[in-house]
Amino acid sequence: MEVNGYYFNDGKAEKEEDAPEKPPEEKELSGGGREDAVAESSGGGVPRERLASHSRTRQRIDSLKKNRPPFPWFGMDIGGTLVKLVYFEPKDITAEEEQEEVENLKSIRRYLTSNVAYGSTGIRDVHLELKDLTLCGRKGNLHFIRFPTQDMSVFLQMGRDKHFSSLHTTLCATGGGAYKFEPDFRTMADLQLHKLDELDCLVRGILYIDSVRFNGSSECYYFENPTDPDLCQKKPYNLENPYPLLLVNIGSGVSILAVYSKDNYKRVTGTSLGGGTFLGLCCLLTGCSTFEEALEMASHGDSTRVDKLVKDIYGGDYERFGLPGWAVASSFGNMMFKEKRESVGKEDLARATLVTITNNIGSITRMCALNENINRVVFVGNFLRINTLSMRLLAYAMDYWSKGQLKALFLEHEGYFGAVGALLELLNPSQL
Amino acid sequence: MAASGQMERSSHSMDKSIILPPDEIFRNLENAKRFAIDIGGSLTKLAYYSTVQHKVAKVRSFDHTGKEAVDEPLYEISVQEEVTARLHFIKFENAYIETCLDFIKDHLVNTETKVIKATGGGAYKFKDLIEKKLRLKVDKEDEMSCLIKGCNFVLKNIPHEAFVYVKHADPEFRFQTTQPDIFPYLLVNIGSGVSIVKVESEDKFERIGGSSIGGGTFWGLGALLTNTKVKFDELLQLASRGQHASVDMLVKDIYGGGYSCLGLTGDLIASSFGKSATEDREFSKADMAKSLLHMISNDIGQLACLYAKLHNLSRVYFGGFFIRGHPVTMHTITYSINFFTKGEVQALFLRHEGYLGAIGAFLKGAEEDNPNQYSWGENYAGSSGLMSVSPELYPMQRTRSGTFDMLEMDRLDRQLVNLPLLLDASSYIPDTVDLTEDAMAREYWLSCFEEALDGVVSRAVASQPDLTDAKERAEKFSQKYQHKLKTLRQQPFAYGSLTVRSLLDTREHCLNEFNFPDPYSKIKQMENDWALKFFHKVVKSLESLNWDERQFSLVKGLLAGNVFDWGAKAVSDILVTDPDFGFEEAKRQLQERPWLIDTYNKWIERLKGPPHKCALFFVDNSGIDIILGVFPLVRELLCRGTEVILASNSGPALNDVTYSELQILTERIAAMDSVIQSGVQKEQLILVQSGSSSPCLDLSRLDKGLATVVRERHTDLVIIEGMGRAIHTNFYAALSCESLKLAVIKNSWLADRFGGKIFSVVFKYEQPSK
């Protein structure tokens, strides 16, 4: 559960542009801090303005090239459970550039692009790589890397070992961890973080990735015939005219945003029952330790042995209230009884946990969609990674309970949009 | 989802060892009919309708035609048996169900009853047992419609039914005043799952949503996590000892120290159980239970708010076994609602939440009796009160009968409605001081009632000199009332807001329970007799005065008359020790003007203007008060051309004049006085019953007939007389017409509170602001 919705509308406001060589120090930091203070303490629907530098609207520098930040280009999103890192690998490096390129930079590039795993827990999602992307006039590939937030110290150690700070780059970071680990970045790796609002980054990242498409195919997709398991299949969706849009970000917790235009959105609500809850409960109930393990177990389980269904109580549908017999009446309801507790397997428990969390997100989302009068919902966040079960369940729930009025949409780069947004901020500060 | 289902089997092990105390628990079973039963996961709620034979003191006029017998009393008092209807509700643990059914079978005399209405998840399971034991056909009723029916019933009939829960506040319970219109509202029933129901009218309700994450999730998941075979209550207790922050990922865990500069509350939960996903260590059972409790409560609260917002509803009641009197869950739900609505919606709970299903099932079976056309009143003597079986709060109080919780409701003869002249019925609060909130006042009044108890007992015994068992019954009454006072000292919230009125009413209910229907009947008779003899003299002396003097004398007479009040301890002392304390004496005792509250001049100015169309006069005591105080003023009003409605109690309370007594008195006075006689004949003076049997006055629960007359006559003045009606209650009541509240403060503590001395006068004449 996080703070209730706030409203964002800063289309005209601009962040002060700092020369990339000069890390955006106190001015930006305090500005950013105050800005967020307003954001988080203000109530839903209260217009939010950027306090930082809005009075100092400077003419944008005409030439992107001249003010292009030096490599390396990173965007980082430090969440409660996972750190998401996007890295732009330039592929158009001229011989001249190559000559000038310092060794540290080269080594970082080589390290990141020649590996698919880093240390014991860092992973590059190769299948998500965006190829031949043009960013700020440079051509290259965008890489998507993640590692557990727990291993932040290892990451920082690596940054220190690779003398990252010598590159004088600006590290744009978003997510709560940008605040939590800022001192560590400074003291352990001699790096100054440029902290960014996570919802700004999220919205910006989504709109950008959708616009550049996923290596020629659609970034956005939906499930056709969601209520028919045999006919249900993944289909591309054109998100060209996306507004208004309900955006549900399922990370450790869940944030629900209503997006009215690229720079007008509000946080409607959130829930603490998110991906962290799924994994946390699975770890406690089954002894597993990773998301992958938990999902694998869930895929083999049967939640109806754990949950009490409507038909378990009424013998069939509860017609008076239009409840079908297969609907869950009480999540984990059968576990009130000792004999049933003893008869279920870990897989069943994992499945029930997944179904419980997913359905709950579905029903809160549906209520928000009704309250906001929005009929398209985009689900993102790393809870959905390799989690077709949940996606189908969400697609089904949206369709079934709204009698076909609500459409559930998904994006290929599930959990990386915050990090992409942070990268965009580095390249193009608050222009969008 | 509504169904609470069948729960842990161990709790059903039949316990036959208990012996039921019949005079305490299944009362009035002999005449019981129309049974209903609601069997939940762990508790069974039984309902039945019964008739109660109790004694009433009837007042009957002698035939005075012909001769005027000097030494003959004014009227005859006879104690008769009267039959009234009462609803009994008993809640007990499922373990006792067989014992209870046996007991009912053995004591049930009435054989008309053929069916028993049943609802709740366990109704099916126990169907055969019930049919076998009671030889009644089990007729199953839909759980949700029973719940809603029951909810409507308690909201309409029980004052202070709904409350908000405020942890750490004293008291934790803030009771709501009864709303004139209870609809629409949202009922969130948290059983094993959650049902969210929108109720729009008596018959119209709709399940607008729900959630599968409910009490069953807490219990089931909690049992898995703690790996123990626990009962629901035990799990809650475990949770209340835990620290959720060691399991949940909080905002500050994600933001580090940085959250403070964001203005964020770092303690907010970002991800429930988030730490167990990232930290490889053991978590304490209590901590996990607490985290689970927060997760579920917050989730339910959030959904409830979303539904309330979508349907634009601001009254949201929570019920179901997840809530059922548990301070822990009431707190977490309240917290969640406050958080998600930023205080715009309050989570409301119900005192009799556990009975809703049984009440509803009963009502379904009793439709031919038209229970909804009557008003009902909670009988304080026969009801256990809130938290009577809460193991969390008062583990030591679970005595033998403590495991049985009871609610009794009396059918009132007439329907009760709001006084049409209330300025704003929805904000009207009868009581001046809420003793639940005012600890000092509470202590004073509880002691005061305790000290007065011996006097009440001896008066009760004295009122029935011919009955040999009077002493024994009086002793039982004393014990019962003492026990109530003791309970109220510990749990002032047991019956809603504690007030002087509720203390007085509880005493009346207890007296009735032990067949002391009217301990003051003889005293009232004597006083009336005595005062009637002086009526003529008083009227004569008033007539000799000029207008100004007369008005003042009338008011003074009314106030002096009001000093004669056996309800006030100081006065009853004087009356017992000094029988010569007379009317003139009383006038001398009165405070000199300016009075403590003194708007007399304004009143006189008003009287110089045009006469009022019609005055409604709530009268107080018998004897001097009504005869020498009230009637001369009534006479004056009639002479001015103002119609007068005299409203008196329907049933006895202390020495207050009752409707039937007042009828005789009026007849007698009319015989002596032509003004009164002509008033009665021309129906310019009419008598109505208030619908109350209390020394205090609740203007939101008045006899429907009174309200009709008040409206028909275009009443433009309300006079309320006496401490009980004008000080303890209604002191702040705002009316839409002129009002006059007058009383003598016959209690030094109360006088002190008002900044005056004993026998200080309150004369509060008000005109509605235009």
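Values below: all heavy atoms of this structure, side chains included; hydrogens, waters and symmetry mates excluded. A, B, ... follow the sequence lines: proteins, then strands. Residue 1 opens every chain.
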So, does B:K309 use its side chain to make a donor-acceptor pair with the main chain of A:N371 at under 3.5 Å? no

Gap separating the [atom1] atom of [X] from the [atom2] atom of [Y], nearest 0.5 angstrom:
| X | Y | atom1 | atom2 | result |
| --- | --- | --- | --- | --- |
| B:L310 | A:R366 | CG | CZ | 9.5 Å |
| B:F340 | A:T271 | CZ | OG1 | 6.5 Å |
| B:T217 | A:M336 | OG1 | CE | 8.0 Å |
| A:S272 | B:D299 | OG | CG | 7.5 Å |
| A:M367 | B:C305 | CE | SG | 10.5 Å |
| A:F337 | B:W219 | CZ | CH2 | 7.5 Å |

Top of A:T81, A:N360, A:N334, A:L370 for chain B proximity - count of heavy-atom pairs under 4.5 angstrom: A:N360

Just give me the residue among A:G176, A:A178, A:G276, A:C368 that pairs up with chain B most often, heavy atom to heavy atom, under 4.5 Å. A:G176

Closest contact, heavy atoms only, [X] versus [Y]:
| X | Y | result |
| --- | --- | --- |
| B:G216 | A:S330 | CA-OG, 3.5 Å |
| A:G270 | B:Q302 | O-NE2, 2.7 Å |
| B:A223 | A:R341 | CB-NH1, 3.2 Å |

Do you know which of B:F283, B:Y307, B:F218 has the most heavy-atom pairs under 4.5 Å to chain A? B:Y307

Using only non-hydrogen atoms and a strict under-4.5 angstrom cutoff, which residues of residues 278-288 of chain A touch chain B? A:L279, A:G280, A:L281, A:C283, A:L284, A:L285

Are the side chains of [Y] and [X] in contact, using a 4.5 Å heavy-atom criterion?
| X | Y | answer |
| --- | --- | --- |
| A:Y318 | B:M144 | yes |
| A:N359 | B:S212 | no |
| B:T278 | A:T149 | no |
| A:L273 | B:I213 | yes |

Give, as side chain, backbone, both or neither, the part of [X] having an atom under 4.5 angstrom from any heavy atom of chain A.
| X | value |
| --- | --- |
| B:M295 | both |
| B:D142 | side chain |
| B:S291 | neither |
| B:F232 | neither |
| B:T226 | neither |

Please test A:S252 against B:S271 for side-chain hydrogen bond (donor to acceptor under 3.5 Å, both in side chains), starting from the C-alpha separation and ending with a verdict. CA-CA 5 Å; A:S252 312; B:S271 175; 5.1 Å; no

Does [X], at its [atom1] atom, have more than 12 non-hydrogen atoms belonging to other residues, nucleotides or ligands within less than 6.0 Å?
| X | atom1 | answer |
| --- | --- | --- |
| A:E292 | CD | yes |
| B:K140 | NZ | yes |
| A:Y400 | OH | yes |

Could you work out, with salt bridge (Lys or Arg N to Asp or Glu O under 4.0 Å) as the rule, every residue matching A:R351, not counting sequence neighbours? none

With only heavy atoms counted, which part of A:E342 is less than 4.5 Å from chain B, the side chain, the backbone, both or neither? neither

